[in-house]
Protein chains: 2
Amino acid sequence: MAKLASLKAQTRLLDRRAADQIRTHILDGILPAGQRLLETKLSADLEVSRGTVRSALAQLANEGLVKQVAFTRWEVSGASVSDAWEIYTLRGALEGLGARLAAGNIDEAAGKALRAIAEDLGKAVRRGRYQEAIGFDFDLHTAIVEMARHQRLADQHRYILQQVRFHMVQSGFLPEDYDALMAEHTRLIETVLAGDADNAEKLARSHNDAEVKLLAKRLKEGDGATPAASPKRVRARA
Amino acid sequence: MAKLASLKAQTRLLDRRAADQIRTHILDGILPAGQRLLETKLSADLEVSRGTVRSALAQLANEGLVKQVAFTRWEVSGASVSDAWEIYTLRGALEGLGARLAAGNIDEAAGKALRAIAEDLGKAVRRGRYQEAIGFDFDLHTAIVEMARHQRLADQHRYILQQVRFHMVQSGFLPEDYDALMAEHTRLIETVLAGDADNAEKLARSHNDAEVKLLAKRLKEGDGATPAASPKRVRARA
DNA sequence: GTATTGCTGATTGCTGACAATCCGGCAAGG
DNA sequence: CCTTGCCGGATTGTCAGCAATCAGCAATAC
């Protein structure tokens, strides 16, 4: 008998799917930072009840994409400089642990998968498809973290990468030197696959060091609390 | 003008308070691992509607204390060996980052606060009040992490410490050598307050190493997936 | 006797309506 | 001109009930 696929995936709960929709809109930049979210409007747009929307928003709040002000409003989180600094430093710690553990779990299949993604990334860069490249970049780091076989770490990492993407969209930040980036990735992969835990961790951690240092500097200079966007007195009817 | 406290804290939303109640029961061991949670019963006990209970349970699920099986049941999470390993490794990474950052933020007040907690901890140990001592232990680590001034880190750390406590309750685990523990803490504090980021991180990270190694060994030997408790066919009326 | 199938009670998922709360503007008073 | 108090509208928080789904039992077939 042919193996049938589980239907569970199709029957995702309504509130999860609602959260997926809203999340996608936020991560694609359609809903900008500070944008107010009305339960009734979302409810009408998504054609679900307000309670379901509420559950979805609570989920997104846990992921850090949305903020709740009790009795008053929901809004898309703003990624201030200090937020960005938090995100990148935390990412470093998580990916450091991930790389360390991954180096202890090397196996044939995982190694091939890693190199395959790196290959895709290289191709995308050479063809100037930078948007795709960023996607493969994320895939690569995710793959390494998953090699750690650490559910909680994988979950946290997913959330953090989501916020990284969110911040990139909001700030318009893009990598500059793709060649250096590729070299770093290659070195990281090979170190992991060599089973060198200590150095794998170091490399994974220093991957963001440039950003972190820049952000820390900007934090010290200016007001780190200033949101990227501060839409005041916007009376959107939408 | 004297600084006034926010009133927000008083008007805690009903679902948050419901979550607080349930959380306390879980962390105190009143609700054991694998215990099924019925929305209707909780609703009746807490005298709130089922929707509110639902929201509370969702919150606890995000914290990892409760598991949801769609359309079927909610239950208190079981802390298997692999769960414990995940919790302690993640704790190490988070507290490592916390200690590193804290070492860059030393100030008079924070130093005093840290030493005060260490003092309380010492007293509790000398008086044989081990339950209290564990509380101060947690306070100490929390205080260090808060010195990092990193909101996301603090939040994640709170969740992880919660799970550590959860695991300790479930497995009956208690520290053994309190003198060594005290020494480790003292060394960690002084290293942080000396501003020695590298070593502060190392110490914070190695604080759990013994547990992690033991758990990793047990994981390799046996079945790490086995829950601590597996209550099957319990037809509790409760 | 064992495996399969249909049913039933129990439980969770979702919805619409009601209650509590807050924000913005306006007028009165200093 | 600024502050203070109040009110209306809008928005979120909570509740009770209907619909969808599942685990387990009983009946049937072999």
Side-chain angles (χ1 to χ4, degrees), chain A residues 1 4 6-22 31 34-62 66-77 230-238, chain B residues 1 6-22 31 34-62 65-77 230-238:
Chain A
M1 194 201 297
L4 298 177
S6 164
L7 292 181
K8 282 268 179 74
Q10 294 193 5
T11 314
R12 285 203 76 195
L13 263 29
L14 218 45
D15 58 348
R16 313 294 174 91
R17 282 190 285 167
D20 290 344
Q21 290 265 346
I22 302 172
L31 293 171
Q35 170 72 50
R36 181 168 189 180
L37 300 171
L38 294 186
E39 294 182 355
T40 49
K41 178 163 195 318
L42 292 172
S43 162
D45 289 353
L46 297 169
E47 297 181 273
V48 294
S49 99
R50 254 190 63 222
T52 304
V53 168
R54 201 149 226 294
S55 174
L57 288 174
Q59 168 79 17
L60 295 174
N62 270 310
V66 154
K67 267 191 320 188
Q68 177 181 32
V69 185
F71 286 108
T72 305
R73 63 196 300 154
W74 296 89
E75 63 185 35
V76 178
S77 301
S230 55
K232 288 169 184 170
R233 302 189 170 268
V234 175
R235 188 190 291 273
R237 183 146 279 276
Chain B
M1 193 198 302
S6 164
L7 292 180
K8 283 269 180 74
Q10 292 195 4
T11 315
R12 292 263 292 167
L13 262 30
L14 218 45
D15 57 348
R16 312 294 173 92
R17 283 190 284 167
D20 291 344
Q21 290 264 349
I22 302 172
L31 294 170
Q35 170 71 49
R36 180 168 189 181
L37 300 172
L38 294 186
E39 294 181 358
T40 49
K41 178 161 194 320
L42 292 172
S43 163
D45 289 353
L46 298 169
E47 297 181 273
V48 294
S49 100
R50 252 189 64 223
T52 304
V53 168
R54 199 149 231 292
S55 173
L57 288 174
Q59 168 77 20
L60 295 174
N62 271 308
L65 297 181
V66 154
K67 265 192 320 187
Q68 177 182 32
V69 185
F71 288 107
T72 306
R73 62 195 300 153
W74 295 90
E75 63 184 36
V76 178
S77 301
S230 54
K232 287 169 184 170
R233 303 191 168 266
V234 175
R235 188 189 293 272
R237 181 147 282 276

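Basis for what follows: all heavy atoms, side chains included, without hydrogens, waters or symmetry-related copies. All chains are named by letter (A, B, ...) in the order of the sequence lines, taking the proteins before the strands, and each is independently numbered beginning at 1. For clarity, every value in this text was computed on a predicted model and none was experimentally measured.
- The closest side-chain heavy-atom distance from B:L46 to B:I22 is below 4.5 Å.
- When the P atom of D:dA10 is taken as reference, atom CZ of A:R36 falls 12 Å away, rounded to whole Å.
- Distance, A:L42 CG to D:dT11 C1': 13 Å, rounded to whole Å.
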For side-chain contact (heavy atoms from CB on, under 4.5 Å), just list the numbers for B:L14 and B:R17, CA-CA rounded to whole Å, side-chain angles, deciding distance to a tenth of an Å, and then say yes or no.
-> CA-CA 5 Å; B:L14 218 45; B:R17 283 190 284 167; 3.3 Å; yes
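- The shortest side-chain heavy-atom distance between A:V66 and A:Q59 does not fall under the 4.5 Å cut-off.
- Residues satisfying the salt bridge (Lys or Arg N to Asp or Glu O under 4.0 Å) criterion with B:R36, sequence neighbours excluded, are absent altogether.
- Under the 4.5 Å side-chain criterion, counting only non-hydrogen atoms from C-beta, B:E39 is in contact with B:L57.
- With the nearest nucleotide of DNA chain C identified for both B:V69 and A:R73, B:V69 has the one nearer the 5' end.
- Taken from CG in A:D20 to CZ in A:R12, the straight-line distance is 4.5 Å, to the nearest 0.5 Å.
- Going from atom CD of A:Q68 over to atom C1' of C:dC22 covers 14 Å, rounded to whole Å.
- A:L37 comes within 4.0 angstrom of sugar-phosphate atoms only, judged by non-hydrogen atoms across all strands, and of no base.
- One interatomic measurement links the two molecules: CG of A:L38 to P of C:dC22, which rounds to 18 Å at whole-angstrom precision.
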Give every pair of a protein N or O atom and an N or O atom of nucleotides 14-17 of chain D that lie under 3.5 Å apart, one pair per line with the distance.
| residue | atom | partner | partner atom | Å |
| --- | --- | --- | --- | --- |
| D:dT14 | OP1 | B:L14 | N | 2.7 |
| D:dC15 | OP2 | B:S49 | N | 2.9 |
| D:dC15 | OP2 | B:T52 | OG1 | 2.8 |

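- Within the 4.0 angstrom heavy-atom criterion, no nucleotide atom of any strand lies near B:R16.
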